[in-house]
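Structure below; questions to follow.
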Amino acid sequence: MAFLSVDQQWELISRGAEEILPEEELRQKLEKSRKSETPLNVKLGCDPSCPDLHVGHGVVLRKLRHFQDLGHQAILVIGDFTAMIGDPSGRNKTRPQLTLEETKANAKSYIAQAGLILDIDTLKIVYNSDWLDAMNFSDVIRLSSHYTIARMLERDDFTKRYQSETPISIHEFMYPLAQGMDSVELKADVELGGTDQKFNLLVGRNLQREYDQDPQVIITLPLLEGTDGNEKMSKSYGNDIGLTDKPEDMYGKSMSISDEMIEKYFILAIDADADTVSKVKKQLQDSSVNPRDVKRALGRAIVKLYHGEEASLAAEQHFDQVIVNKDAPEEMDEIILDSDTLIIDIITENELTKSKGEARRLVKQGAVRIDNEKISDMNFVLNPGKEVIVKVGKRKFLRVK
RNA sequence: GGGGAGAUGGCCGAGCGGUUAAAGGCAGCAGACUGUAAAUCUGCCGACGAAUGUCUACGGAGGUUCGAAUCCUUCUCUCCCCA
């Protein structure tokens, strides 16, 4: 296929990107690829230690998709090797040791979800255990001789941990090297990653040079904060919008982001073009529009991206009904009661609360309603036979028959 | 190899023989107010029980004591300094 001009490609590639290092080299690579009609190898590594992707992952996946749209070769590297090794010291909870089966299952789920964004047909998927597992100890020593401790310690989190006297195991130094080896193996022209990956991406660049390759250009993308507006989006912080979340949840979560995040979400979560972004920015600044309405548009856009237009409208309607008008939703889990049961047991057993203690606390605080009637009696008993709706907090419902 | 410091609830961090389910902060949850925003205020925040309460918990295992997060022994792990 014919490639667009470098400037045209540049517009899409640079959209939303934090840094492109070095810019000039990327221009040259694009120029060369255009002339020789050879697509660039664009690499994105992923960590299959967790099976669920969220909108934060979507940011960098969309960027990879941009390259696909421009006719380049997208390569998804499944980091199954590192996932299998995990963190042998067991200290790092985000890096548990996985079995081969778990890794495979996660990778499968990862690819399926990534397919919501990427063009799977032209995507090249590789597993880094293919080459990393084949290295022996001498290979590893040879590889590590290309890097020094001082350079390793330049990495932000190493510096911090070193200064705060928290342990750093030697093997942790191997991860950036392993990731760099991937770039060498794949002869990557470009590697994408979040800003927190900058160091690792640069190691790949340096290693390629050591192995006499044309070093990759790195493109970093801003990290998207989660719905709390604070921490980066992550399932473990509970602030994520999952790609496979139900439309209503997706919409609801989108509505709970803070005003300051709206513009960023427009840029990173839904890839809005420059015109839309500047319009949003203006609306937020001159308060001609209630920020809530800007957010509603955002919520619809996010749901539409993953579930289609129809679902996005339904999700908004659901939101209006349940949250704005405080009505019960049409669909909710339901149970059939066969004997008199304490309300506390009902909500605990159906996972509306985590423990009976919590259930009691909520009753005490007036957060539990039956058919919209606040109950305050801890010993309230529900009798079978009559259909009622139990509501806990603002958004947990259960139909009891 | 030698010397020193340390390991407390989701996280940070006080406690250093009984009044400690363990100060304080952060995070979390609920209520009020709202735009399921932010900010603010109030309450809760190990489990089980209606409750006096019972059980589990201060890195692991033993021990001293009427009583231990606190003292002793030992193991595991971490950090610092010297070599």
Side-chain angles (χ1 to χ4, degrees), chain A residues 87-94 158 160-170 172 225-241 245-266 280 283-285 287-300 302-303 315-329 341-345 347-349 351-369 372-381 390-397:
Chain A
D87 178 6
S89 61
R91 237 179 284 104
N92 191 341
K93 286 177 210 129
T94 63
F158 285 152
K160 274 190 207 134
R161 285 162 62 191
Y162 192 63
Q163 279 168 356
S164 69
E165 302 180 355
T166 36
I168 301 170
S169 306
I170 303 290
E172 295 186 63
E225 287 84 354
T227 52
D228 60 355
N230 241 332
E231 299 289 347
K232 80 169 183 181
M233 189 179 285
S234 156
K235 197 173 184 181
S236 55
Y237 292 137
N239 64 358
D240 64 314
I241 304 176
D245 275 355
K246 286 188 288 187
E248 310 88 77
D249 291 339
M250 228 179 205
Y251 186 90
K253 287 179 182 179
S254 307
M255 285 305 280
S256 73
I257 66 167
S258 66
D259 289 4
E260 295 78 64
M261 297 300 303
I262 295 177
E263 187 186 337
K264 196 167 180 182
Y265 267 66
F266 264 93
V280 164
Q283 286 176 329
L284 290 170
Q285 269 169 1
S287 54
S288 59
V289 179
N290 185 335
R292 180 201 52 194
D293 294 323
V294 181
K295 220 152 67 169
R296 286 171 76 94
L298 173 68
R300 281 196 306 272
I302 291 177
V303 178
E316 181 161 85
Q317 201 180 8
H318 176 271
F319 176 84
D320 286 343
Q321 185 176 355
V322 175
I323 305 301
V324 180
N325 297 327
K326 296 189 175 143
D327 287 341
T341 317
L342 281 170
I343 184 69
I344 287 175
D345 290 335
I347 60 182
T348 307
E349 276 158 26
E351 290 175 352
L352 271 59
T353 52
K354 287 195 201 82
S355 67
K356 290 195 184 182
E358 188 184 352
R360 267 190 212 98
R361 199 192 95 213
L362 290 167
V363 170
K364 224 181 282 175
Q365 292 178 150
V368 177
R369 286 161 186 271
N372 232 6
E373 229 18 68
K374 232 182 238 183
I375 59 163
S376 50
D377 178 11
M378 208 86 75
N379 297 313
F380 191 93
V381 171
V390 177
K391 184 181 182 191
V392 177
K394 279 178 189 154
R395 61 201 106 147
K396 289 179 189 154
F397 294 90

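Lettering follows sequence order; numbering is per chain, from 1.
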Taking the same atom, C1', in B:A68 and in B:U20, what whole-Å distance lies between them?
11 Å
Tell me the closest heavy-atom pair linking A:E172 and A:F158, and the distance in Å.
O-CZ, 3.8 Å
Please give the distance between the P atoms of B:G53 and B:A21 as a whole number of Å.
11 Å
What's the gap between B:A83 and B:G13 when it is taken at their C1' atoms, as a whole Å value?
35 Å
The side chain of A:S355 is closest to which nucleotide in this list: B:G35, B:C29, B:A47?
B:A47
Any side-chain N or O of A:R361 below 4.0 angstrom from OP1/OP2 of B:C29?
no
Span that lies between the C1' atom of B:A39 and that of B:A47, in whole angstrom:
35 Å
How many whole angstroms separate atom CG of A:D240 from atom C1' of B:G28?
16 Å
How many Å lie between CD1 on A:I347 and C1' on B:A30, as a whole number?
12 Å
For B:C41, the Watson-Crick or wobble counterpart (both distances under 3.5 Å)
B:G31
Atom CD1 of A:I343 and atom P of B:G49 are separated, to the nearest Å, by 15 Å
Would you mind pulling out the nucleotide paired to B:A7, Watson-Crick or G-U wobble, both distances under 3.5 Å?
B:U76
Shortest non-hydrogen contact from A:N379 to A:L342?
O-CD2, 3.4 Å
Closest to the 5' end of RNA chain B, once A:G357 and A:L362 are matched to their nearest nucleotides, is A:L362
Identify the nucleotide, in any strand shown, that forms a Watson-Crick or G-U wobble pair with B:G53, with both distances under 3.5 Å; if there is none, say none.
B:C48
Give a yes/no answer on whether the side chain of A:R360 brings an N or O atom under 4.0 Å of OP1 or OP2 in B:A50.
yes
A:R369 or A:R296: which one's nearest nucleotide on RNA chain B is closer to the 5' end?
A:R369
For B:G1, the Watson-Crick or wobble counterpart (both distances under 3.5 Å)
B:C82
Taking atom P in both B:C12 and B:A7, what distance in whole Å separates the two?
12 Å
A:Q317 CD: over 12 foreign heavy atoms closer than 6.0 Å
no
Would you mind reading off the distance between A:K364 atom NZ and B:A51 atom P, rounded to a whole angstrom?
7 Å
Spacing between A:L342 atom CG and B:C48 atom P, to the nearest angstrom:
13 Å
Heavy-atom distance under 4.5 Å between the side chains of A:F380 and A:V363, does that happen here?
no
How long is the line joining OH of A:Y251 and C1' of B:U36, in whole Å?
11 Å
Within a strict 4.5 Å, meaning less than it, do heavy atoms of the A:K391 and A:K396 side chains meet?
no
Nearest-angstrom distance, C1' atom, B:A50 to B:C29
23 Å
When you check every protein heavy atom under 4.0 Å of nucleotides 37-42 of chain B, what one-letter string (B, S, -) results, 5' to 3'?
B-----
Just how far, in rounded Å, is P of B:U78 from CD1 of A:I170?
12 Å
Whole-angstrom distance between B:U70 and B:A51, as gauged at atom P
31 Å
Write down the partner of B:A21 under the Watson-Crick or G-U wobble criteria, each distance required to be under 3.5 Å.
none
Between atom CG in A:D320 and atom P in B:G35, what is the gap in whole Å?
13 Å
For the residue pair A:D240 and A:M233, what are the closest heavy atoms and their distance?
CA-CG, 3.5 Å
For A:Y251 and A:R300, work out which heavy atoms get closest and say how close.
CE1-N, 3.7 Å
Is there a Watson-Crick or G-U wobble partner for B:U70 with both distances under 3.5 Å, and if so, which one is it?
none
If I pick the P atom on B:C26 and the same atom on B:C79, what distance separates them, to the nearest angstrom?
30 Å
Assigned partner base of B:C58, Watson-Crick or wobble definition, under 3.5 Å:
none
So, for A:P329 and A:V322, which heavy atoms are closest and what is the spacing to 0.1 Å?
CB-CG2, 3.5 Å
Is A:E225 paired with A:K264 through a side-chain N to carboxylate O contact shorter than 4.0 Å?
yes
Would you say A:K356 reaches B:G49's phosphate, i.e. side-chain N/O to OP1/OP2 under 4.0 Å?
yes
